[in-house]
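Okay, structure first, notes after.
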Protein chains: 2
Amino acid sequence: MKLSTRGRYGLKAMFDLAVHMGEGPVSLKSIAERQDISEHYLEQLIAGLRKAGLVKSVRGAQGGYVLGREPAKIRVGDVIRVLEGPIAPVDCVSEEDPECCAKAEHCVTRTIWEKVRDSISEVLDSITLEDMVKDAEKMDKERKYYMYYI
Amino acid sequence: MKLSTRGRYGLKAMFDLAVHMGEGPVSLKSIAERQDISEHYLEQLIAGLRKAGLVKSVRGAQGGYVLGREPAKIRVGDVIRVLEGPIAPVDCVSEEDPECCAKAEHCVTRTIWEKVRDSISEVLDSITLEDMVKDAEKMDKERKYYMYYI
DNA sequence: ACAAATCCCGAGTGTTTTGATAAGATTTGT
DNA sequence: ACAAATCTTATCAAAACACTCGGGATTTGT
């Protein structure tokens, strides 16, 4: 029941982009340095985010990435789903195309996993990047609020 | 964010034991057959459950396993924690000995993972084996309510 | 006493996932 | 033209996962 680094690093990067919103394109290199992530690895992760429209890329010198839409409209769940796949503790209750078995309707544990899935989704979909930035500002007014760890 | 087969199979087995409560020791072989799990693999899983006191073993011919205490006092969360480790989407919010980083107090995402952890725990700790047996009885009065899939 | 049933334990194995690295191609501002 | 970036593809080592196997130890029915 662990998140992989994909989701953790990806959310770090998205938060970093939200913090630097309005300052023009942010290079992968600067994100990787601030968040202490392998640049090449982050490249793979952000490719997925780009395809999903959560970030836009600007190629060439002074290029980089910007958020695909306002921070208030990007939920943590959106980011996690792109990087980790549909939220589900087991495949038979996957948010999209669940691999149901024949007896799914009579399966006691299935209902348990559904409840787990829904409670996770509810938490992740109730928080936006904007919320995160505001929380960070509250936590520490002085310091630049990079996340050192996820 | 997936459960491994350890948690799934283990809960299957515990449910099976709860269903057959009061019929004497249940052999691993019969559980493995009903739940369609590798017997040797299940052996490993149940070893952990035994050490945790969730099941008791009866050695020798006609031996097997029985629940360590009443089904009403065994929560799904108890079983999952034994087989999958402490509930936590990331290590820094682990239920026991979290590997905190220096900046944990200023980490925005940490609070998110805490909320996720708590919502999962709440679901898993609100359901007991007794609840599962009752649900199964409700779902299907006629058939023996084995779980065919988790 | 003996054999069958059953639990107990540790080691080995193939596959998949994870997390990263490397090399080169493409695009663009200066 | 050049340097700074992104983009694409390929490769790879380590860990986790899901078993599998072999051999003991213990108890019971006959």
Side-chain angles (χ1 to χ4, degrees), chain A residues 1-13 17 20 23-33 35-68 80 83-85 89-91 149-150, chain B residues 1-13 16-17 20 23-33 35-68 80 83-85 88-91 149-150:
Chain A
M1 285 295 277
K2 288 280 191 303
L3 230 47
S4 74
T5 55
R6 295 178 61 82
R8 307 214 310 273
Y9 291 0
L11 186 57
K12 274 195 191 193
L17 285 176
H20 293 91
E23 302 174 15
V26 181
S27 74
L28 262 194
K29 192 180 178 186
S30 68
I31 299 176
E33 274 172 9
Q35 304 299 338
D36 195 26
I37 302 173
S38 151
E39 187 182 342
H40 284 291
Y41 186 43
L42 188 54
E43 212 163 50
Q44 293 173 24
L45 307 186
I46 212 156
L49 295 169
R50 184 174 53 81
K51 279 167 198 156
L54 293 179
V55 301
K56 287 174 191 162
S57 65
V58 180
R59 299 188 71 162
Q62 274 64 56
Y65 293 90
V66 292
L67 290 181
I80 297 300
L83 295 165
E84 302 265 349
V90 310
D91 284 332
Y149 190 79
I150 283 205
Chain B
M1 285 295 276
K2 288 281 191 303
L3 230 49
S4 73
T5 55
R6 295 178 61 83
R8 307 214 311 274
Y9 291 179
L11 186 58
K12 274 196 191 195
D16 196 295
L17 285 175
H20 293 90
E23 303 174 14
V26 182
S27 73
L28 258 196
K29 193 181 177 186
S30 68
I31 300 175
E33 275 172 10
Q35 305 297 339
D36 193 28
I37 302 172
S38 149
E39 188 181 341
H40 280 292
Y41 188 43
L42 187 55
E43 210 163 49
Q44 291 174 23
L45 307 186
I46 214 158
L49 295 169
R50 185 174 53 81
K51 278 168 197 153
L54 293 180
V55 301
K56 286 174 191 163
S57 65
V58 180
R59 300 187 70 165
Q62 275 65 56
Y65 292 92
V66 291
L67 291 181
I80 298 300
L83 294 166
E84 302 267 348
V90 311
D91 284 334
Y149 189 80
I150 281 202

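Being a predicted model, the structure only gives us computed values, none of them experimental. Sequence lines set the chain letters: A, B, ... in the order given, protein chains first and strands last, and positions in each chain run from 1.
The only option from A/Glu23, A/Lys56, A/His20 that meets the side chain to side chain contact (heavy atoms under 4.5 Å, CB included) definition with A/Val66 turns out to be A/Lys56.
D/dA15 atom P lies 15 Å from atom CG of B/Asp91, rounded to whole Å. Distance A/His40 NE2 to D/dT9 P: 16 Å, rounded to the nearest Å. Here the P atom of nucleotide D/dA18 and the CZ atom of B/Arg6 are 9 Å apart, to the nearest Å. A/Lys2 places its NZ atom 12 Å from the P atom of C/dG19, with the value rounded to the nearest Å. A/Glu39 has its CD atom 15 Å from the P atom of C/dA23, to the nearest Å. Distance A/Met1 CE to D/dA16 P: 18 Å, rounded to the nearest Å. Distance B/Leu83 CG to D/dA16 C1': 16 Å, rounded to the nearest Å.
A/Leu11 contributes atom CG, which lies 14.0 Å from atom CZ of A/Arg6 (distance to the nearest 0.5 angstrom). Between the CD atom in B/Glu39 and the OG atom in B/Ser27 there is a gap of 7.5 Å [rounded to 0.5 Å]. We find the OH-CG distance between A/Tyr9 and A/Leu45 to be 9.0 Å, quoted to the nearest 0.5 Å. Here CD1 of B/Ile46 is found 5.0 Å from CG of B/Leu28. Values are rounded to the nearest 0.5 Å.
Residues from residues 41-55 of chain A lying near DNA chain C, meaning a heavy-atom separation below 4.0 Å, are A/Tyr41, A/Gln44 in numerical order. Looking at residues 24-33 of chain B, you'll see that no heavy atom sits under 4.0 Å from any atom of DNA chain D.
In terms of the side-chain hydrogen bond (donor to acceptor under 3.5 Å, both in side chains) criterion, A/Glu43 has no residue partners (sequence neighbours excluded). By the side-chain hydrogen bond (donor to acceptor under 3.5 Å, both in side chains) test, A/Ser4 is found to be paired with A/Glu84, residues two or more places apart in sequence or in another chain being considered. Residues that satisfy the salt bridge (charged side-chain N to carboxylate O under 4.0 Å, His left out) test with A/Lys2, not counting sequence neighbours, are B/Asp91. B/Arg50 pairs by the side-chain contact (heavy atoms from CB on, under 4.5 Å) definition with B/Val55, B/Ser57, B/Tyr65, not counting sequence neighbours. Scanning for side-chain contact (heavy atoms from CB on, under 4.5 Å) contacts around A/Gln62 gives an empty result, with sequence neighbours left out. Listed by chain and residue number, A/Lys29 satisfy the side-chain contact (heavy atoms from CB on, under 4.5 Å) test with A/Glu33 (two or more places apart in sequence, or in another chain).
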Can you tabulate the close N/O pairs, meaning under 3.5 Å, that link protein atoms to atoms of nucleotides 15-17 of chain C?
none

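Between A/Tyr65 and D/dA5, a side-chain N or O to OP1/OP2 separation shorter than 4.0 Å is absent. Neither OP1 nor OP2 of D/dA5 sits under 4.0 Å from any side-chain N or O of A/Ser57. Of the side-chain N and O atoms in B/Thr5, one or more sit less than 4.0 angstrom from OP1 or OP2 of D/dA18.
Taking five base pairs at each end of the helix from C/dA1-D/dT30 to C/dT30-D/dA1, the local helix axes there meet at an angle of 10°, rounded to 10°.
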Query raised in the report: Can you check side-chain contact (heavy atoms from CB on, under 4.5 Å) on A/Leu83 and A/Leu49, steps first, answer last?
Result: CA-CA 8 Å; A/Leu83 295 165; A/Leu49 295 169; 4.1 Å; yes
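Taking each heavy atom of B/Leu42 and B/Ala13 in turn, the nearest pair found is CD1-CB, 3.9 Å. The minimum heavy-atom distance between A/Gly64 and A/Pro25, with the atom names listed, is N-CB, 3.6 Å.
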Query - Footprint string (nucleotides 25-30 of chain C, 5' to 3'): B base within contact, S backbone only, - free, heavy atoms under 4.0 Å - result: -BBBS-
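Each of C/dT18, C/dT21, D/dT20 was ranked by its minimum atom distance to the side chain of B/Ser38; first place goes to D/dT20.
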